[in-house]
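Computed from a predicted structure; not experimentally measured. For ligands, and for the atoms within them, numbers begin at 1 and follow the listed sequence. Residues take their numbers from the sequence shown, with the count starting at 1.
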Amino acid sequence: MNKIVVTFCLWGLVAVVANGQTQVEPDTALRMLNAQQQQFEQGIVKVADNVFTAVGFHGANTSMIVGTDGVIIVDTLFGPTSAAKAAEAFRQYSEKPVKAIVYTHSHGDHIGGASAFVGDERPDIYATDRFGSAEGVNKAVDPVKMKRNVRQFGRKLSPPESTNRGVAPANTHDSDRGEGYLPPTVTVPDSGLKTTIAGVEIEFHIGPGETDDAMFIWLPKEKVLLAGDNFYSSFPNLYAIRGTAYRDVLSWSESVAKMAEFKPHVLVPGHTMPIQGQEAATAALKDYSEAIRSVYDQTVRGINAGKSPDQLAHEVKLPEHLQDKPYLIEFYGSVPHAVRAIYAGLLGWYDGNPTTLNPLQPKLKARKIAELAGGTKKLTEQMKSALEKKDFQWALELADHVKWLDDGNKKLARKVKITALRGLAAREYNAPNRNYYLSYANELESGHLSEVWF
Ligand SMILES: [Zn+2]
């Protein structure tokens, strides 16, 4: 992707490069996001003679493993409505009763539809010891997390603004969220579990990553590996801008390396299309693990060299041999965001520079910036000029200063911010960034943010 950015740079869009590595020319961004859409087109993929994966029935995947006298369901989508559609589609391959349900981890899009798969039978439900540890933390900030969630996933965007969510379609049926959830009945211990269900040999391996309570599933006979959300076709979301606690990046890399050791013939991700073929599946896992590890190592080296998160977010890149891998393009996760998360996860908010121990309060800083510019009028002109030059990030930063000034034109600053956000969004192929920019612009325009922004 860097090649694309460099090409556009030569055409004079210098601002693009200064501003993050997931921004390209608008037509290209849209083309890339539309192409990614194939990764979650609805359908059933037969990944082995007795293993079927339903893609695109909601945001995540659900799989059915057919045994002698029953089936095993791995992950159950977000709510019973979408799950019932997947269950119905599965029935053309097997009508056998559900003997077991497996939750790869506790995120809502994998557990909320379980009831739709079971009839009168009471299947065993497998999850790890730590199941649920990812949810329910930091509840105190739920009100703002909800707002940020809506923005990251673009839940309120209009159809023309919608593209997708990077590893999931833009539109999913969410109103019955969690209504089909059935609690786990069998706990997988830290050492993992090897067993036979409905005549199917199945192994559960602990694999913390996106969540601490994650595991992956190995079918030794079929050589199919079900990865949960530690793998999907996109650079992984090592940090979610909706706001999450630190995700243990190092464990994530190690868990994926552990998966690669199985040399699976098919890799079934938690989202996006399965990867078929031993060579392709194993290479994808190795590359994925290496990519995460490299971002972690580069960040740690930079931290120990005394560099700040702002510096490192612009410096750390994927190794060149991994940049063009289709499953590492930053449609969902983002390298600069991962860098900042690793920094904060290891050291907290403080970057070690005494200048930032007690920075000026925003209003005072805005006044000093205006003075530096030669007055509020001059600062406002600079803001307008940045927008005209499509230097959108700089326009945003100046608009944020103008909004604090008593003699600043707040209405104009808000208008500039809205236009700049839409300008940035158009260039983004990182779906969370794009959705966030657009959603925030709409909120500003509607006046809903008045208590926050002005
Ligand atoms: Zn998921």
Side-chain angles (χ1 to χ4, degrees), residues 36-37 39-42 45 53-63 73-80 82-83 86 101-114 117 126-128 130-137 145 148-150 152-155 164-174 176-178 180-181 184 207-217 225-245 247-248 251-252 255-256 259 267-275 288 292 327 330-334 430-432 435:
Q36 175 71 353
Q37 198 79 18
Q39 285 290 341
F40 25 87
E41 217 123 87
Q42 196 176 102
V45 184
T53 297
V55 180
F57 284 79
H58 191 269
N61 295 339
T62 170
S63 294
I73 300 293
V74 179
D75 286 344
T76 65
L77 307 183
F78 202 52
S82 334
I101 287 175
V102 180
Y103 295 140
T104 57
H105 66 296
S106 63
H107 274 161
D109 52 334
H110 298 258
I111 64 174
F117 291 94
Y126 291 77
T128 64
R130 286 176 247 178
F131 185 79
S133 58
E135 296 300 313
V137 290
K145 274 165 70 182
R148 287 167 56 155
N149 181 304
V150 167
Q152 175 185 322
F153 293 117
R155 293 183 192 280
N164 58 61
R165 298 174 184 172
V167 293
N171 297 307
T172 50
H173 182 93
D174 294 344
D176 61 348
R177 161 185 200 150
Y181 171 67
E210 190 185 90
T211 60
D212 288 340
D213 63 7
M215 64 176 172
F216 61 90
I217 319 306
L225 192 142
L226 299 110
D229 276 3
N230 285 348
F231 185 93
Y232 36 67
S233 271
S234 162
F235 181 77
N237 211 17
L238 302 180
Y239 173 76
I241 58 175
R242 62 187 166 84
T244 53
R247 296 175 162 179
D248 189 337
S251 295
W252 195 331
S255 294
V256 179
M259 292 182 204
L267 168 62
V268 179
H271 297 245
T272 69
M273 286 289 170
I275 296 181
Y288 217 67
I292 299 170
Y327 39 80
E330 294 160 83
F331 285 117
Y332 192 42
S334 134
N430 177 275
N435 290 336

Side-chain donor-acceptor pairs of residues 231-238 under 3.5 Å, sequence neighbours excluded:
unit_1	atom_1	unit_2	atom_2	d
Y232	OH	N237	N	2.9
S234	OG	I329	O	3.3
S234	OG	Y332	N	2.9

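For R247, there are no side-chain hydrogen bond (donor to acceptor under 3.5 Å, both in side chains) partners at least two apart in sequence or on another chain. Every side-chain contact (heavy atoms from CB on, under 4.5 Å) that Q42 has, sequence neighbours left out, goes to F57.
Atoms of the protein (N, O or S only) found under 2.8 Å from the Zn ion (ligand 1) are D109 OD2, H110 NE2, D229 OD2, H271 NE2.
Side-chain N/O atoms of T104 and D75 include a donor and acceptor closer than 3.5 Å.
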- [ ] Given side chain to side chain contact (heavy atoms under 4.5 Å, CB included), test H271 with D229 step by step and report yes or no.
- [x] CA-CA 7 Å; H271 297 245; D229 276 3; 3.0 Å; yes
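Residue P274 is tested with V55, L267, L226 for a side-chain contact (heavy atoms from CB on, under 4.5 Å); the sole match is V55.
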